[in-house]
2 protein chains.
Amino acid sequence: MSRRVTAKMIADELGVSVMTVSRALNNRPNVDEKTRELIVNMAQKLGYIPNHVAKSLVLKKTHTIGVVVPEISISFFPDVIKAIEETAYGAGYQIILTHSSESMERETYAIQTLASKRVDGMLLCTAADVKSYEFYKQIIRSGLPVVFYDRCAFGVGASCVRINDEQSAETITNHLIKHGYKKIAHLASLNSLSVGQSRFTGFKKAMQESHLPLIDDLIVEAGFDEAGGYKAMLQILNYSREEYPNAVMTVNDPVAFGAMQAILERGLRVPEDIAIVGIVDDIRAELMPSPLTTIRQPAHDLGVRALQKLLAHIENKNEPVEDIVIDTEIVIRESCGCFNRGKKIDGAS
Amino acid sequence: MSRRVTAKMIADELGVSVMTVSRALNNRPNVDEKTRELIVNMAQKLGYIPNHVAKSLVLKKTHTIGVVVPEISISFFPDVIKAIEETAYGAGYQIILTHSSESMERETYAIQTLASKRVDGMLLCTAADVKSYEFYKQIIRSGLPVVFYDRCAFGVGASCVRINDEQSAETITNHLIKHGYKKIAHLASLNSLSVGQSRFTGFKKAMQESHLPLIDDLIVEAGFDEAGGYKAMLQILNYSREEYPNAVMTVNDPVAFGAMQAILERGLRVPEDIAIVGIVDDIRAELMPSPLTTIRQPAHDLGVRALQKLLAHIENKNEPVEDIVIDTEIVIRESCGCFNRGKKIDGAS
DNA sequence: CATTAGAATGTTAACGTTAACACAAGTATA
DNA sequence: TATACTTGTGTTAACGTTAACATTCTAATG
């Protein structure tokens, strides 16, 4: 911020009051057309750029919303952010993007700063190591509109827009079951995040409904990335061969990539020896040695819906708190065993 | 922004002046320890969150910087943004992220709004369809610190942090030449962006220095994405077979992906029939049917350097305008012909 | 004991804008 | 012609904070 042209300078230059300048530049009624023209021209000539900071102070409205992302490099998030930004743009808002790096401390700091900058609302996505929701409650109680997206904190009084995680996990697990696989492993992510929990629940549900056993040794914590998937799969592959699963359902695609690598390095084939499926439809899924069958998450749609709900909360104090669940779609490729060298080999849908 | 706790409320509650509250909360000297404690406790109790908007107005400093990204879904940018955000966080700044979708109109609007919100500085990356630099000049003249990253506008008086595009293109072209390929095509991007121009220049330089001919028909505009690469390659493959190139050097990885697809669909082999190389090292490069030889762009480093330079301009009015060029590194995989089924088959470095 | 330096606190104005009201001059209504 | 609206404009105060200066009080100095 430097020595800038102000409305006062325009006013002085023309011998009118600042208020008239304000009115003219904001297209308010009750300004003589001639005066308005003079003012607009002078503003142009002096290179006037209205000071939004002062405006925000008076109007108590910044037209800025805060967005917290846990990890931008997870391929799903750039699409969500893009959708958020574009929807915000359409509604006359800009976004302050902050990155928590999955750390609760960073997230808390970000939220605090955003609140301090008086954003009109916030879009939050819980960091992986968040343990307590107290801070969320505090912020929400203060009246700042908050909507969670993708990873939600329930019971804190904020709306939530998310993928149908449980249903997705159930669908893809059922797909494996229809193939006839009976010993199905789950590479899970059972930290505090609702996402991992829900997917595990969906997995269990599918298994139980088909009366298949949940084998403790075949449910392994894998985190959220390739390395975790690789390590978890290795653990399973260290069991005796009779204990190997026929198929693996993973909490997300990167974990599936790591697992697939581990399987192939052991000289086993995917899907012939062990089938594998993920959730996300990462950009790399179809490029895998055995293209990955997975669940497509409508990232764009999620971003749009989350921002729309936030705007609704901002514009209407009585907007009801909602849990919005977005449906997903299964993407069938080869890693589940549906195709063999490009040919469909069985009727599983 | 809602009915919020202000410093005045704390002051009234305690019977002191607002100024004392301000001093206490900002850890200024000349406040009695007892008073400070009382104030801090009261602030805590009332849930006081300082109003950064008012502070910005007085101090003429928002601790916010504006970032314009042309297209977040290009895999390179999320890493750049992450680096920018983290570096900004370390320096006590937040970023307003705006997306131009490669449109000059959107970019201009974004810059205008950012200036209006009085960001302390801006990081710009020219949209593909920018034709005139007049607006950049105007903004820079107004005193707002600006640094360009990746795609630069030269001659407008702003610093620039970019990849060594020309050198990168030359290096990878020379790599093909060392393999003995003589008929080398270039899938180019010759719109207004400096990036495409520079890479073409590097390509030409390498060819000329090795006294290889530049064949007009083998230099085809391809834009920046898979579809463009596919289409451009198809055009070349429609020539008679004698005219086919031995190798293709593309302006970036996505274009190479599209081109590879076109080649393979024609029943030709990569690299045996036509070798191919890219620039970027997209996350998918190593997963291609023939893993792509390419140039790694240090996205993280670029983001960090760009933000650091911007901060230097913000903090020091006399910081010299610089053109900072970051070196790249060649990543050799199979699509250039260096390996055959995982074995190195020739000495080209 | 008067003087003075320093510490703690208060007062005023400013940052750039807009809302709310006030006012003057012109126009329509009774 | 007097009265009431309408139109264009100005004035004052407010938004929440901090800088700069002013004041009060305390404790140390000679």
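Naming: A, B, ... by sequence-line order, numbering from 1 per chain.
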A.B. asks: Check the distance between dA14(D)'s P and Arg4(B)'s CZ and give it to me in whole angstrom.
C.D. replies: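 After rounding, the gap between these two atoms is 22 Å.
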A.B. asks: For Tyr48(B) versus Val5(B), what's the shortest heavy-atom pair and its separation?
C.D. replies: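 Residues Tyr48(B) and Val5(B), closest heavy atoms: CD1-O, 3.4 Å.
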A.B. asks: Expressed as a whole number of angstroms, how long is the span from His63(B):NE2 to dT17(D):C1'?
C.D. replies: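 So the two atoms are 14 Å apart, to the nearest Å.
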A.B. asks: Provide a list of protein-nucleic acid N or O atom pairs under 3.5 angstrom, restricted to nucleotides 18-20 of chain C.
C.D. replies:
{"unit_1": "dT18(C)", "atom_1": "OP1", "unit_2": "Asn26(A)", "atom_2": "ND2", "d": "2.9"}
{"unit_1": "dT18(C)", "atom_1": "OP2", "unit_2": "Ser22(A)", "atom_2": "OG", "d": "2.2"}
{"unit_1": "dA19(C)", "atom_1": "OP2", "unit_2": "Arg28(A)", "atom_2": "NH1", "d": "3.0"}

A.B. asks: Is NZ or CZ of Arg106(A) both nearer than 6.0 Å to the six-membered ring centre of Tyr89(B) and within 45° of the ring axis?
C.D. replies: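 Yes, Arg106(A) and Tyr89(B) form such a contact.
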A.B. asks: Any chance the rings of Phe154(A) and Tyr133(A) have centres within less than 6.0 Å?
C.D. replies: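 No, they do not, as the ring centres are separated by 6.0 Å or more.
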A.B. asks: Do Gln44(A) and Val40(A) have side chains that get closer than 4.5 Å, going by heavy atoms?
C.D. replies: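 Side chain of Gln44(A) against side chain of Val40(A), heavy atoms only: no contact under 4.5 Å found.
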A.B. asks: Considering non-hydrogen atoms only, spot the tightest contact between Ile314(A) and Lys61(A) and give its length.
C.D. replies: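 Ile314(A) and Lys61(A) have their closest heavy atoms at CG2-NZ, 3.5 Å.
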A.B. asks: Nearest nucleotide by nearest heavy atom, which residue falls closer to the 5' end of DNA chain C, Pro50(A) or Asn30(B)?
C.D. replies: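 Here Asn30(B) is the residue nearer the 5' end.
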A.B. asks: Would you indicate, yes or no, if dG16(D) has its OP1 or OP2 atom less than 4.0 angstrom from a side-chain nitrogen or oxygen of Lys60(A)?
C.D. replies: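 It does, given that an N or O in the side chain of Lys60(A) lies less than 4.0 Å from OP1 or OP2 of dG16(D).
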A.B. asks: From CZ of Arg118(A) over to P of dT17(C), roughly how many Å is that when rounded to an integer?
C.D. replies: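 These atoms are roughly 21 Å apart.
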A.B. asks: Give me the atom names and distance for the closest heavy-atom approach of Ala128(B) to Asn191(B).
C.D. replies: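 Ala128(B) and Asn191(B) have their closest heavy atoms at CB-ND2, 4.2 Å.
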A.B. asks: Answer yes or no: is there a donor N or O on one side and an acceptor on the other, between the side chain of Ser159(A) and the main chain of Glu322(A), under 3.5 Å?
C.D. replies: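 Yes: the side chain of Ser159(A) pairs with the backbone of Glu322(A).
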A.B. asks: Nearest-Å distance, CG (Leu57(A)) to P (dC15(C))?
C.D. replies: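 Rounded to whole Å, this separation is 14 Å.
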A.B. asks: Roughly how many Å is it from NZ in Lys117(B) to C1' in dC15(C), rounded to a whole number?
C.D. replies: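 So the NZ-C1' distance, Lys117(B) to dC15(C), works out to 19 Å.
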A.B. asks: Would you say Met122(A) and Val146(A) make side-chain contact, with heavy atoms under 4.5 Å?
C.D. replies: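 Yes, side chains in contact.
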A.B. asks: Using modelled atom types only, decide if a donor and an acceptor are shared between the side chain of Arg36(B) and the backbone of Arg28(B) within a distance under 3.5 Å.
C.D. replies: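 Side chain of Arg36(B) to backbone of Arg28(B), a donor-acceptor pair under 3.5 Å: yes, one is there.
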A.B. asks: Asp12(A) CG to dG10(D) P: how many Å, rounded?
C.D. replies: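 One finds 11 Å between P of dG10(D) and CG of Asp12(A), rounded.
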A.B. asks: Collect all protein-nucleotide pairs involving nucleotides 24-26 of chain C in which both atoms are nitrogen or oxygen and the distance is under 3.5 Å.
C.D. replies:
none

A.B. asks: dT9(C) phosphate, OP1 or OP2: any side-chain N/O from Thr35(B) under 4.0 angstrom?
C.D. replies: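 Checking dT9(C) against Thr35(B), a side-chain N or O does come within under 4.0 Å of OP1 or OP2.
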